[in-house]
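Have a look at the structure below before the remarks.
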Amino acid sequence: EDLIKELDFDVKEEHDEEEGYVIKDEYDEHMIYGEDVNSLVHPIKDLNQNSKTVAIVGEIFHIENKELRNGKILSIMSITDNTSSINCKLFLNDLNKDKILNAVKEGSYVKIKGDVLFDTYQRELTMTISGIRAEVKPQREDTCKKGKRVELHAHTQMSSMDALCSTKKLVKQAAAWGHKAIAITDHGVVQAFPEAMDAGKSNNIKILYGVEGYLVEDNAPVIKNANDESLSQTFVVFDLETTGFSNKNDKITEIGAVKIENFKVVDRFSQLINPQKDISYKVQELTGITNDLIKDKPTIEEVLPKFIEFIGDSVMVAHNADFDMGFMQQKCREQNIEFKNTSVDTLTLARTLLPHMKRFRLNLIAKELGVPLLNHHRAVDDEATAHIFIKFLEMIQKRGGEKLSDINTILGNIDYTKLTTNHITLIAKNQAGIKNLYKIVSDAHINHYHRAPRILKSVLEQYKEGIIVGSACEAGEVFQAVKQNKSEEELERIISLYDYIEVMPIDNNRFMIDKGEVEDEEELRELNRRLIEVAKKFGKIPVATGDVHFIDKHEAVFRKVLKYSQGFKVDEEETYLHFRTTDEMLEEFKYLGEDLAYEVVVENTNKVADMVEKVLPIPNETFPPRIEGSDKE
C-alpha cells in the first residue's frame with residue numbers, strides 16, 4: 001500500500017481497440033485480507049457441505065483469537081447475515097495480524113470469501129477465510145417526502161421478557177429517520193423514562209411519555225340493566241354451540257335452553273341446526289356435533305324465530321354471556337329480528353358469590369355446588385347451568401335480596417382480581433399529566449397488583465387530567481367491541497373514555513386467523529376500516545400504530561425465543577412487530593386508499609404528538625437538603 005502511494009499509482013484502463021479487450025490494473029482500498037472476494041454471495045442459511053467456495057456478507061458479532069504452539073494466531077470470527085450465522089477461521093502471522101485485527105472488530109460489516117467445510121472438532125459447518133473486504137452496511141431509511149409519521153406505541157427492554165429495543169437505540173432510530181417525536185409505552189411501567197429523556201435531548205427529538213396499562217372496569221355492576229322484578233320472575237338459561245368464535249363468520253349448530261320460574265325448571269328448548277358449512281374436526285371433537293348429525297336439521301332461519309318466541313321478554317342467563325349474547329344479537333340483526341333482552345352472566349355471579357375459587361369453568365362450579373354435569377360442551381346439557389343459577393338465586397335470597405336489581409346492591413362491584421383486563425395506552429400531555437401518570441402506575445403496582453399492575457377505571461377517571469388515552473392493541477376494549485359487533489349504544493359508552501383509536505398492521509393480528517377468531521386477512525382489514533369509521537363517528541382520532549417490540553424485522557425470532565421460554569405457544573409464522581418507516585406504514589395501509597392511509601399514518605399521529613407539551617419526567621436538579629450552617633461546618 002505504501003509503495004503504491006509513493007508511486008502515485010492510480011487505477012488505469014488501457015483499451016486495445018484492435019484486440020477488443022480491456023487490460024485493468026486495480027487496487028481495492030477496501031480489501032482487508034486476500035486477493036479478491038469475487039464469488040457468488042450466498043445467504044448463510046443456505047450453506048452446506050457441498051457449497052465449496054462461496055462469499056457471504058454480514059456483521060461480525062464475536063471474535064476469538066487463540067495463540068497456537070507454533071506462534072501463529074487462529075482468529076475465529078462469528079458472522080451473521082440475519083438468516084443464520086457461521087464461524088469463519090483465519091490463521092494470522094506476524095506480517096498481517098496487526099492490520100487484520102485493527103480492521104476487523106465486533107460490529108464490522110464485511111464480505112468474506114472462503115471454503116465451507118464441516119469442522120469435526122466443533123461439529124458444525126465453518127468457513128476457512130481466503131478473502132475479507134469491508135462493506136457498507138445497508139441502512140433502512142425513511143424517504144417519505146410528504147411528511148413523516150410518529151410512532152405512538154413502542155416498547156423498550158423495560159417491557160420485561162417481551163420487547164427487545166434499547167431505549168437509546170429506539171429513540172436514535174426515530175431521530176435518524178426524521179421523525180419529530182416517539183412515544184415510549186412500556187407494559188405497566190415507566191422505568192425507561194430517564195434514559196428516554198437523555199436520548200431525546202442528545203438526538204433532538206420529542207419524547208411522548210406513556211404506558212400501556214392493564215385496565216379493569218371495576219365500577220361495572222354485576223348485572224347490567226337489571227330490572228326491578230322479583231327473583232321468581234321468568235329466566236331462560238341458554239347455551240349455544242357454534243362452528244367457531246366469530247359471531248359474524250361462524251354459525252350456530254345447536255341451541256339448548258331451560259326456562260325457570262319460581263326457582264323451578266318449567267320448560268325446555270333444544271334444537272340442532274344445520275350451519276350450511278363444514279364443522280372443523282377440532283370443533284367436532286370438542287362438542288361431539290358432527291357434519292352427519294346436523295345435515296338433515298333445520299337452518300337458523302327456521303329455528304331462531306321459534307327460539308325468540310320461546311324466550312319472549314325473559315331475562316337471558318348464560319355462562320360467559322358475552323359470547324352467547326353476541327351471537328344472538330348478530331344472528332337476530334341478520335334476520336331483522338328485534339332482540340333487546342337483558343342478560344345475567346353466571347360466570348360473573350360465580351366470581352362474586354364464590355370468591356374462594358380460583359378458576360370458574362362450568363364443570364368446577366358444578367362440582368363446588370354439587371350439581372351433576374354430564375357434558376358441558378353441549379348446549380343440550382345446559383340444565384346444569386340452570387340448576388347452578390337456581391342455587392345462586394337462593395344464595396341471593398338468603399342475603400335479603402328480593403328483586404333482580406337487589407343483586408347489584410347486595411354484591412356491590414365485582415372484585416377487581418376476578419375481572420379480565422383490557423390494554424389501554426396512556427400518554428402524558430403536560431407536567432400535570434406526568435404526575436397523574438405516576439399516581440396511576442403507583443396505584444396499579446402498590447394497591448391493585450394481581451398478576452399484572454391493574455389500572456382501575458375509577459382510578460383512571462380520578463387522575464385523567466393531563467392524560468391522552470389511546471385504545472391500544474387487539475386486547476383493548478374498543479377493538480374487542482368492534483370485533484364482537486356491539487350495538488351503537490354500547491360502542492358509544494365504551495369509546496367515550498378514549499381520545500384516539502389505534503389501528504395496526506395485519507401482521508400484528510395474524511394470530512387471530514390461526515385461532516379461528518377471524519376468517520382471513522381481508523377480515524382483519526375490514527376490522528381496521530370499521531375501527532376508523534367508528535372513531536370518526538364518535539369524534540375520536542384514528543391513528544396507525546406499530547406496537548413496536550423490536551427495531552428490525554429479522555429480530556422477530558429473538559422475541560419468539562423469549563415468549564417460548566415463558567411457556568407461550570409459539571406460532572410457526574413470526575409476528576413482525578418491528579419499527580416501520582413512514583413508507584412501510586403507508587404501504588401497509590394502502591388498502592384504505594391513498595388519502596385515508598396518509599391521514600391515519602402521518603397527519604393524525606402528528607396531531608396527537610402536537611397535543612403533548614414539553615414535559616420533564618424527572619427534575620433537572622437533585623434537591624439536596626438545605627441544612628443551616630452546613631457550609632461552615
Side-chain angles (χ1 to χ4, degrees), residues 146-147 149-153 215 245-250 322 325-336 339-340 422-425 427 468-513 517-547 580 582 585-611:
K146 285 170 136 187
R149 66 183 283 255
V150 172
E151 181 55 73
L152 296 174
H153 192 137
L215 183 73
F245 299 108
S246 169
N247 60 35
K248 188 179 177 185
N249 299 319
D250 288 301
D322 273 356
M325 288 296 286
F327 260 90
M328 281 295 294
Q329 286 158 355
Q330 177 61 23
K331 300 312 171 190
C332 283
R333 269 197 296 272
E334 288 170 11
Q335 292 192 43
N336 292 319
F339 179 71
K340 290 189 174 179
N422 291 109
H423 288 202
I424 189 169
T425 313
I427 292 174
I468 306 167
V469 183
S471 64
C473 55
E474 52 74 38
E477 60 178 343
V478 177
F479 187 100
Q480 289 301 317
V482 169
K483 180 172 155 252
Q484 291 164 17
N485 293 304
K486 296 266 187 190
S487 65
E488 292 291 301
E489 299 82 22
E490 186 69 0
L491 276 172
E492 188 174 11
R493 183 191 69 79
I494 290 167
I495 209 168
S496 62
L497 178 68
Y498 299 87
D499 299 301
Y500 65 92
I501 306 303
E502 299 181 46
V503 290
M504 293 185 176
I506 297 303
D507 268 334
N508 295 37
N509 297 324
R510 197 181 297 280
F511 71 92
M512 290 164 65
I513 301 171
E517 292 178 31
V518 297
E519 206 158 61
D520 51 23
E521 284 188 16
E522 186 49 44
E523 190 177 348
L524 288 175
R525 293 187 191 99
E526 189 52 45
L527 272 170
N528 277 349
R529 290 188 192 102
R530 176 92 173 106
L531 275 165
I532 293 167
E533 184 188 309
V534 167
K536 291 190 167 194
K537 181 172 185 176
F538 295 109
K540 308 298 176 180
I541 306 168
V543 298
T545 62
D547 195 10
R580 287 171 166 85
T582 308
M585 208 62 153
L586 287 170
E587 177 64 23
E588 175 65 39
F589 285 96
K590 68 180 181 183
Y591 60 84
L592 297 175
E594 193 177 332
D595 292 342
L596 185 54
Y598 186 78
E599 183 188 332
V600 297
V601 171
V602 181
E603 286 177 8
N604 289 350
T605 55
N606 279 275
K607 190 185 286 184
V608 173
D610 290 340
M611 291 161 68

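Just so we're clear, the structure is a prediction, and the values are computed from it rather than from any experiment.
- A salt bridge links E488 with K537; the closest basic N to acidic carboxylate O contact falls under 4.0 Å.
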- Item | Steps toward side-chain contact (heavy atoms from CB on, under 4.5 Å) verdict (N528, Y591) | CA-CA 10 Å; N528 277 349; Y591 60 84; 3.0 Å; yes
- Message: Between L215 and H423, is the side-chain contact (heavy atoms from CB on, under 4.5 Å) condition met? List the steps.
- Response: CA-CA 6 Å; L215 183 73; H423 288 202; over 6 Å; no
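- When every heavy atom of T582 is checked against every heavy atom of G147, the shortest pair comes out as CG2-O, 3.5 Å.
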- What do the steps show when you test V534 against I501 for side-chain contact (heavy atoms from CB on, under 4.5 Å), and what is the final call? CA-CA 9 Å; V534 167; I501 306 303; over 6 Å; no
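- Taking every heavy atom of both residues into account, G546 and M585 meet most closely at N-CE, 3.8 Å.
- For the pair R530 (side chain) and N485 (backbone), a donor-acceptor distance under 3.5 Å is absent.
- Scanning both residues, A535 and I495, for their nearest heavy atoms gives CA-CD1, 4.3 Å.
- Proximity of V602 to K146: side-chain heavy atoms (C-beta onward) are nowhere separated by under 4.5 Å.
- For E594, the CD atom sits in a loose shell: 12 or fewer heavy atoms of surrounding residues, nucleotides or ligands are nearer than 6.0 Å.
- Scanning for salt bridge (Lys or Arg N to Asp or Glu O under 4.0 Å) contacts around K331 gives E334, with sequence neighbours left out.
- Between K540 and S471 the shortest side-chain heavy-atom distance does not fall below 4.5 Å.
- Separation of atoms CZ (R149) and OH (Y598) is listed at 13.0 Å; rounding is to 0.5 Å.
- Nearest heavy-atom pair across P542 and V600 is O-CG1, 3.7 Å.
- When side chains are defined from C-beta on, I468 counts as touching Y500, because their heavy atoms get closer than 4.5 Å.
- Within the 4.5 Å cutoff, no side-chain heavy atoms of V150 are placed close to those of V608.
- Open room surrounds CG on D595; 12 or fewer heavy atoms of other groups in view lie less than 6.0 Å from it.
- Using a 4.5 Å heavy-atom threshold, the side chains of E502 and L152 count as separate.
- The CZ atom of R580 sits 12.0 Å away from atom CG of L586, with the distance rounded to the nearest 0.5 Å.
- The pair D610-K607 does not count as a salt bridge, with every side-chain nitrogen at least 4.0 angstrom from each carboxylate oxygen.
- For the pair I532/L592, a side-chain contact is recorded, criterion being any heavy-atom separation below 4.5 Å from C-beta on.
- Side-chain contact between K486 and D322 is present, with heavy atoms from C-beta onward closer than 4.5 Å.
- A salt bridge links E521 with R525: at least one charged nitrogen is closer than 4.0 Å to a carboxylate oxygen.
- In terms of modelled atom types and a separation under 3.5 Å, the side chain of N606 and the main chain of A609 share no donor-acceptor contact.
- Contact detail for F479 and M512: the closest heavy-atom pair is CE2-CE, 3.7 Å.
- What you find for M611 and I541 is that their closest heavy atoms are SD-CD1, 4.2 Å.
- Taking CE from M504 and CD1 from I506, the interatomic distance works out to 12.0 Å, rounded to the nearest 0.5 Å.
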- Query: For E490 and Q484, what are the C-alpha separation, side-chain angles and deciding distance, and is it a side-chain contact (heavy atoms from CB on, under 4.5 Å)?
  - Reply: CA-CA 11 Å; E490 186 69 0; Q484 291 164 17; over 6 Å; no
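- When each of V601, L531, L527 is checked for a side chain to side chain contact (heavy atoms under 4.5 Å, CB included) with V503, only L531 meets the rule.
- To the nearest 0.5 angstrom, F511 atom CZ is 5.5 Å from N509 atom CG.
- Within a 6.0 Å sphere centred on CZ of F538, heavy atoms belonging to other residues, nucleotides or ligands number more than 12.
- With salt bridges taken as basic N to acidic carboxylate O contacts below 4.0 Å, one links R529 and E522.
- Between the NZ atom in K340 and the OG atom in S487 there is a gap of 9.5 Å [rounded to 0.5 Å].
- The CG atom of N422 sits 7.0 Å away from atom CD of Q480, with the distance rounded to the nearest 0.5 Å.
- E599 is listed as a side-chain neighbour of K536, based on a closest heavy-atom distance under 4.5 Å.
- With sequence neighbours left out, E477 forms a side chain to side chain donor-acceptor pair (under 3.5 Å) with Y498.
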